[in-house]
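The structure appears below as structure tokens.
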2 protein chains.
Amino acid sequence: MPGRVRDAAATQAELLAAARRRFGTDGYERTTIRAVAGDVGVDAALVIRYFGSKQGLFTRAADLDLGIPDLTGVRAGDLSKVLVDRFFAVWEDDDTFLALLRAAATSEVAAEAMRDVFAGQVGPALAAVTDDRAPERAALVGATVLGFALARYVLRLPPLVDMTRDQAQAWLGPTLRHYLLD
Amino acid sequence: MPGRVRDAAATQAELLAAARRRFGTDGYERTTIRAVAGDVGVDAALVIRYFGSKQGLFTRAADLDLGIPDLTGVRAGDLSKVLVDRFFAVWEDDDTFLALLRAAATSEVAAEAMRDVFAGQVGPALAAVTDDRAPERAALVGATVLGFALARYVLRLPPLVDMTRDQAQAWLGPTLRHYLLD
DNA sequence: GTTCCAAGTCATCAGTCGATGACCCAGGAG
DNA sequence: CTCCTGGGTCATCGACTGATGACTTGGAAC
């Protein structure tokens with residue numbers, strides 16, 4: 001683009017969006033700073049200037065808010081529906097979580113970021129609705145959700161790719177209820 | 001080792017074992033041929049000579065047999081126990097499956113290898129015990145198992161790392177039964 | 001003991017990557 | 001119009017990677 005607007009904030013936002021896309025499809029190692037910069041039409045050195053390093057870029061790009069609502073007062077029967085809805089919103093709206101998952105498979109810092117997400121967001125959210133053993137239950141819910149996402153979005157197992165949200169809801173609902181309430 | 005035995009078959013086996021270890025801990029991209037060769041005490045060029053390329057080394061290293069027994073005649077109540085036992089045998093005995101999982105997160109060929117495992121081993125094994133919708137059920141079982149493995153061995157979520165086999169059995173059992181029989 | 005093939009090594013290439021630091025220039029302030 | 005700050009570029013470095021091909025050497029066969 002010859003007519004690039006010289007706006008640092010906007011450029012940074014574009015870079016982060018491009019980074020999420022790249023990290024989400026290629027993973028951490030195969031994503032290059034040059035490629036991310038190229039997607040935005042900018043020099044690679046600028047990325048380093050803004051984010052310090054590739055690791056810094058990733059950290060910023062993988063900053064994640066699951067947006068789990070307050071579950072206090074949600075009826076037990078509706079819990080899994082709320083969670084599955086959140087699941088699809090988080091996984092299909094943008095590539096942030098996908099980037100984090102792909103990277104976490106091979107990068108310890110990404111794995112730690114993932115652990116922080118569960119400890120800081122999933123755990124507390126579920127603590128409002130389960131009695132004891134909240135961390136254990138949160139981890140099991142996390143494993144379920146990550147497994148489904150891995151199989152559907154990363155491995156692309158055909159039966160799961162073809163599954164509608166309602167079907168997924170029907171299958172995952174009892175499982176989540178089991179982990180939350182039994 | 002100055003006194004290396006000049007035995008191609010043995011060296012190849014050592015290289016494959018080292019490759020599985022490296023791929024399993026570092027993932028595909030961060031594993032270098034030099035490192036694998038170094039682990040065995042051999043020159044990197046030899047790896048190329050034997051396996052053609054890094055991709056060829058991985059393909060050979062990730063060749064996997066889940067060893068799922070014939071489930072015909074296994075009582076419904078025992079199914080999940082058999083499967084969870086197999087799970088731990090496969091995941092904790094060697095690093096092959098871990099290598100495949102880590103690699104599948106960022107490599108399309110590894111993802112395809114994983115799909116082949118499910119289509120060729122998990123699906124058929126479960127078809128012997130479920131009526132219809134065997135592929136869908138197999139995929140859900142796979143998602144469950146992979147999610148648990150991802151959370152326990154890759155992300156190392158503390159509650160799952162600390163979980164004993166019996167506890168895992170107690171949690172996963174009803175879930176697998178749900179996917180197989182409901 | 002000589003031969004000879006396969007096991008293993010060595011030097012090296014071509015490419016790519018993250019990162020650095022000097023530089024250029026658009027555009028608002030005065 | 002001029003100045004000058006900061007957004008953006010350019011050239012380049014050093015390290016590392018997968019891969020190649022010519023080379024050396026161990027050891028069984030005879």
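In what follows, every chain begins at residue 1, and chains take the letters A, B, ... in the order their sequences are listed.
Side-chain contact, A:Asp166 with A:Thr164: no donor N or O sits under 3.5 Å from an acceptor N or O. Side chains of B:Glu29 and A:Thr106: a donor-acceptor N/O pair is absent below 3.5 angstrom, by distance only. No hydrogens or angles considered: a donor-acceptor pair under 3.5 Å links the side chains of B:Thr175 and A:Tyr179. Between the side chains of B:Tyr153 and B:Glu92, at least one donor-acceptor pair of N or O atoms lies under 3.5 Å.
The side chain to side chain contact (heavy atoms under 4.5 Å, CB included) test applied to B:Leu64 returns B:Leu66, B:Thr96, B:Phe97, B:Leu100, B:Val117, not counting sequence neighbours.
Taken together through direct or relayed side-chain contacts under 4.5 Å among Ile, Leu, Val, Met, Phe, Trp and Tyr, A:Leu181 and A:Leu126 form part of one hydrophobic cluster.
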Practice item. Scan nucleotides 13-26 of chain D nucleotide by nucleotide, 5' to 3', and note B when protein non-hydrogen atoms come under 4.0 Å of the base, S if they reach only the sugar-phosphate, - if neither. Key: ----BBBBB---BS

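At a non-hydrogen distance threshold of 4.0 Å, nothing from residues 99-114 of chain B comes into contact with DNA chain D.
Look at CD on B:Gln12: it is 12 Å from C1' on C:dA6, rounded to the nearest Å. Rounded to an integer number of Å, the gap from A:Tyr50 OH to D:dG6 P is 12 Å.
Side-chain contact between B:Glu136 and A:Met163 is present, with heavy atoms from C-beta onward closer than 4.5 Å.
Of the charged side-chain nitrogens involved, none lies within less than 4.0 Å of a carboxylate oxygen, so that B:Asp63 and B:Arg60 do not count as a salt-bridged pair.
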